[in-house]
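Along the sequence shown, residues carry numbers from 1.
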Amino acid sequence: MFLSILKSKIHCARVTEANLHYMGSITIDEELMEASGLLAGEHVHVVNNNNGERIETYVIRGPRHSGCICLNGAAARKFQVGDEIIIMAYASMTPEEARAFKPAVIFPDGPDNRL
């Protein structure tokens, strides 16, 4: 049996851009990706703390040290610049692996999403 366990989390980041005319995804500052253990193309869940919206999408690498958190495509209708969000990724593990696993959780600071 495999369990779906929290692997990575960016907690209370701020949306810096919403780009309706892009095919889809979420663009994340490369520094934030590395600190949280997220990979380009990885499946993520995104929760908007301002309005309760929840989406699933994939990660695109953004410019390092930019603080970029950009919702692309249709998601841009559900997230606005300045919204506080949580980005989460999960991994499949055996119960034994899950007991020993520690997720990477980061807490960006301020509207510029600095570590």
Item to check | Minimal non-hydrogen separation, Asn50 against Glu84, with atom names | outcome: OD1-N, 2.7 Å
Item to check | Spatial distance of atom CD (Glu34) from atom CG (Leu39) [nearest 0.5 Å] | outcome: 10.0 Å
Next on the checklist: Is the shortest side-chain heavy-atom distance between Ile87 and Ile69 below 4.5 Å?
Outcome noted: yes
Item to check | Check: Asp83 main-chain N/O paired with Asn48 side-chain donor or acceptor under 3.5 Å | outcome: no
Checklist entry - If you draw a 6.0 Å radius around CZ in Arg64, do more than 12 non-hydrogen atoms from other residues or ligands fall strictly inside? => result yes
Item to check | Single-linkage hydrophobic cluster Leu6~Ile86, side-chain heavy atoms < 4.5 angstrom | outcome: yes
Checklist entry - Is a side-chain N or O of Ser36 found less than 3.5 angstrom from the main chain of Lys9, in a donor-acceptor match? => result no
Checklist entry - Are the side chain of Arg114 and the backbone of His65 linked by a donor-acceptor contact shorter than 3.5 Å? => result yes
Item to check | Interatomic distance, Asn72 atom CG to Phe79 atom CZ [nearest 0.5 angstrom] | outcome: 11.5 Å
Checklist entry - Do Leu71 and Lys78 have side-chain heavy atoms sitting under 4.5 Å apart? => result no
Checklist entry - If Ile, Leu, Val, Met, Phe, Trp and Tyr residues are connected whenever their side-chain heavy atoms lie under 4.5 Å apart, and connections chain through other members, are Met1 and Phe101 in the same group? => result yes
Checklist entry - Looking only at heavy atoms, what is the nearest atom pair of Ala35 and Ile106, with distance? => result O-CG2, 3.6 Å
Item to check | Value rounded to 0.5 Å, distance of OG in Ser92 from CD in Glu97 | outcome: 9.5 Å
Item to check | Validation row: Pro95, Leu3 side chains within 4.5 angstrom (heavy atoms) | outcome: yes
Checklist entry - Under the 3.5 angstrom rule, does the side chain of Arg14 hit a backbone N or O of Gly82 as a donor-acceptor pair? => result yes
Item to check | Exceeds 12 heavy-atom contacts within 6.0 angstrom, atom CD of Gln80 | outcome: no
Item to check | Closest approach of Met93 to Ala98 (non-hydrogen atoms, all atoms of both residues) | outcome: SD-CA, 3.9 Å
Next on the checklist: Quick one, Thr94 and Phe2 - any side-chain contact, counting heavy atoms below 4.5 Å?
Outcome noted: yes
Checklist entry - So if you build clusters from Ile, Leu, Val, Met, Phe, Trp, Tyr with side-chain heavy-atom gaps below 4.5 Å, do Ile60 and Ile28 land together? => result no
Next on the checklist: Do Leu32 and Leu115 make a side-chain contact, defined as non-hydrogen atoms from C-beta onward lying under 4.5 Å apart?
Outcome noted: yes
Checklist entry - Any idea which heavy atoms bring Ala18 and Cys70 closest together, and the distance? => result N-SG, 4.3 Å
Next on the checklist: So does Ser66 get a backbone contact from the side chain of Asp29, meaning a donor-acceptor N/O pair under 3.5 Å?
Outcome noted: yes
Checklist entry - What's the spacing between Lys7 NZ and Leu38 CG if we round to 0.5 Å? => result 5.5 Å
Checklist outcome for this item: Closest heavy-atom pair, Thr16 versus Val81, reported as atoms and distance to 0.1 Å, is O-CG2, 3.7 Å
Checklist entry - Atom CD1 in Ile85, atom CG in Asn49: separation rounded to 0.5 Å? => result 9.0 Å
Item to check | Met88 CE to Ile10 CD1 distance, which is reported to the nearest 0.5 Å | outcome: 11.0 Å
Item to check | Closest approach of Ser25 to Tyr58 (non-hydrogen atoms, all atoms of both residues) | outcome: CB-O, 3.2 Å
